[in-house]
Amino acid sequence: MRSSMIPLAVPNLSGNEEKYLTDCISTGYVSSVGQYVRQFEGAVAAAAGTGYAVATSAGTTALHLGLTALGVRSGDLVLLPSLTFIASANAISHAGARPWLIDVSSESWTICPDRLRETLETETQKGPNGVVHRESGRRVAAIVPVFTLGLPADMDPVCRLSEEWDIPVLVDGAAALGASYKGHRSGACGAAATMYSFNGNKTVTAGGGGILATDDAELARLARHLSTTARSGDDYDHDMVGFNYRMTNLQAAVGCAQMEQLDLFVKKKQTIRARYDRAFTGHDAVEAFPEPDWATSACWFSGFLYRAAHPDVLRQKLRDRGIDARPFWKPIHLQKPYLDCPRSDMSVCEALWQSVITLPSSTGMTDHEMELVIAAVNEALG
Ligand SMILES: *Cc1c(COP(=O)(O)O)cnc(C)c1O
């Protein structure tokens, strides 16, 4: 069965990837210097709607870089939705901080602005060094909304809180390239910076890699400086504790070829979403993935919410039929390294996460494969 399984999400390398890679090798520019890195940054900045983009080795390192550039330091807390991929929490830990976990809203599966406000109002106070978590005395240094599955969070209320409390917003928009919020591109919804990932399972890939996108020239300069060992001259002078987080020209070459197809890929993802929604939401136990009216999702993965017992049994049935049906993120507050993080009530994400069923969503899927998935799901749902 395994070999004929329709996979969840595989890269679509049907464009200029090979051509650009060959160019890197024949010119010798395989490392972090080369035209593709700059070109890739330009293409992603344009798609994100930002003035600047700094390419990195991964989405996780772009987040770490962004947090560091925004001044997050050892001992701080960073507000984060619990429903996210573990990398968002890990980047916070790498910066020496701890996540402060907030529940998501059921209408979007993204950070709940009401919960966020309530948490800030009841559990923090403003002090001379910023906002402080009363119980632990830790400074609250950033808010990191996550654009779940490429769906923007409700950023207007989040950004109002950011202004009111003077806490910067760094978006984990890992899979949100091509999404929009109230007509704004996903990097232009009010955050200080937005991270994108180009891991192999994302809609556009660079084999691996990330971007920190921002409109803030100074933040971009600092992030770029930190990402390249904070070198301050040609003679091994370095003026800060930097990172080696640059993207290579090889990665960027693949990324450039992928960016040429971004619109096409996102349209395909949205088509898959629409077809699955149409096919399955007639079943009693099935709910569509959320689509609040404030945003257009980039629809990284599609599938459905299965509001009946034993979603694991349904997933197994589908896998037995050659359909790679998977679960979704296990919330961070249930993960071993983060069990003791401060957190809000988690009733929404706890009721949600085990019921999510993700289905094959590759941009290279054929109509026939989509029909096979739909037939298998309808059969399994009975
Ligand atoms: C993929 C992903 C990441 C990590 O990106 P990498 O490039 O794999 O480091 C972080 N957050 C979210 C929400 C993701 O989906």
Side-chain angles (χ1 to χ4, degrees), residues 8-11 40 44 48 53-68 78-95 99 101-102 104 108-111 142-153 169-179 186-187 191 193-213 227 243-248 250-252 254-255 258-259 265-266 269 289-290 295 297-303 326-332 335 337-338 349 352-353 356 358 361-362:
L8 185 72
V10 288
F40 181 65
V44 177
V54 179
T56 61
S57 54
T60 310
T61 56
L63 266 186
H64 184 195
L65 189 65
L67 291 165
T68 306
V78 173
L79 290 155
L80 179 75
S82 192
L83 188 69
T84 183
F85 181 55
I86 192 114
S88 337
N90 289 345
I92 292 167
S93 300
H94 297 324
L101 300 166
I102 306 295
V104 295
S108 70
W109 303 0
T110 60
I111 196 163
I143 304 169
V144 177
V146 177
F147 288 5
T148 311
L149 290 164
L151 176 73
V169 176
L170 172 61
V171 166
D172 178 341
L177 215 52
S186 60
T194 304
M195 172 279 259
Y196 299 98
S197 164
F198 299 88
N199 187 42
N201 67 352
K202 300 298 198 277
T203 302
V204 280
T205 183
I211 280 275
L212 189 70
S227 74
F243 307 104
N244 176 12
Y245 279 174
R246 287 297 280 159
M247 178 180 273
T248 68
L250 287 171
Q251 289 168 292
V254 174
Q258 292 271 293
M259 286 302 292
F265 285 180
V266 171
K269 292 278 193 186
F289 283 7
S297 176
C299 299
W300 174 33
F301 289 161
S302 290
R326 303 257 187 114
F328 192 46
W329 299 326
K330 180 177 178 178
I332 303 299
Q335 304 278 5
Y338 298 106
C349 71
L352 180 72
W353 72 276
V356 177
T358 53
S361 306
S362 303

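Counting convention: from 1, in listed order, for ligands and their atoms alike.
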S.K.: Give me the one residue out of Phe301, Phe328, Trp329 that meets side chain to side chain contact (heavy atoms under 4.5 Å, CB included) with Val356.
M.R.: Phe328

S.K.: So if I count the atoms of ligand 1 from 1 in the order they appear, which ones are less than 4.0 Å from some heavy atom of Asn199?
M.R.: 7 (O), 8 (O)

S.K.: Which protein heavy atom lies closest to atom 1 (C) of ligand 1, and at what distance to 0.1 Å?
M.R.: Lys202 NZ, 1.6 Å

S.K.: How close do Thr56 and Ala62 get, counting heavy atoms only, and between which atoms?
M.R.: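 Looking at all heavy atoms of both residues, the shortest contact is OG1-CB, 3.4 Å.
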
S.K.: Of the backbone atoms (N, CA, C, O) and the side-chain heavy atoms from C-beta on, which set of Trp329 has a member under 4.0 Å from an atom of ligand 1: side chain, backbone, both, or neither?
M.R.: side chain

S.K.: How many angstroms lie between CD in Gln258 and CZ in Phe40, if you round to the nearest 0.5 Å?
M.R.: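 So the CD of Gln258 and the CZ of Phe40 are separated by 9.0 Å.
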
S.K.: With a 4.0 Å heavy-atom cut-off (strictly under), which part of Thr60 contacts ligand 1: side chain, backbone, both or neither?
M.R.: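 For Thr60, backbone and side-chain atoms both sit under 4.0 Å from ligand 1.
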
S.K.: Which distance, rounded to the nearest 0.5 Å, do you find between the CG of Leu151 and the SG of Cys299?
M.R.: 8.5 Å

S.K.: Under 4.0 angstrom from ligand 1, any heavy atom of Ala91?
M.R.: no

S.K.: Of the choices Thr61, Asp172, Thr56, Val144, which has the non-hydrogen atom that lies closest to atom 11 (N) of ligand 1?
M.R.: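 Ranked by closest heavy atom to atom 11 (N) of ligand 1, first place is Asp172.
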
S.K.: Can Ser93 and Tyr338 be counted as having a side-chain donor-acceptor contact under 3.5 angstrom?
M.R.: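 Short answer, yes.
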
S.K.: When only distance counts, is Gly59 in polar contact with ligand 1, meaning an N/O pair under 3.5 Å?
M.R.: yes

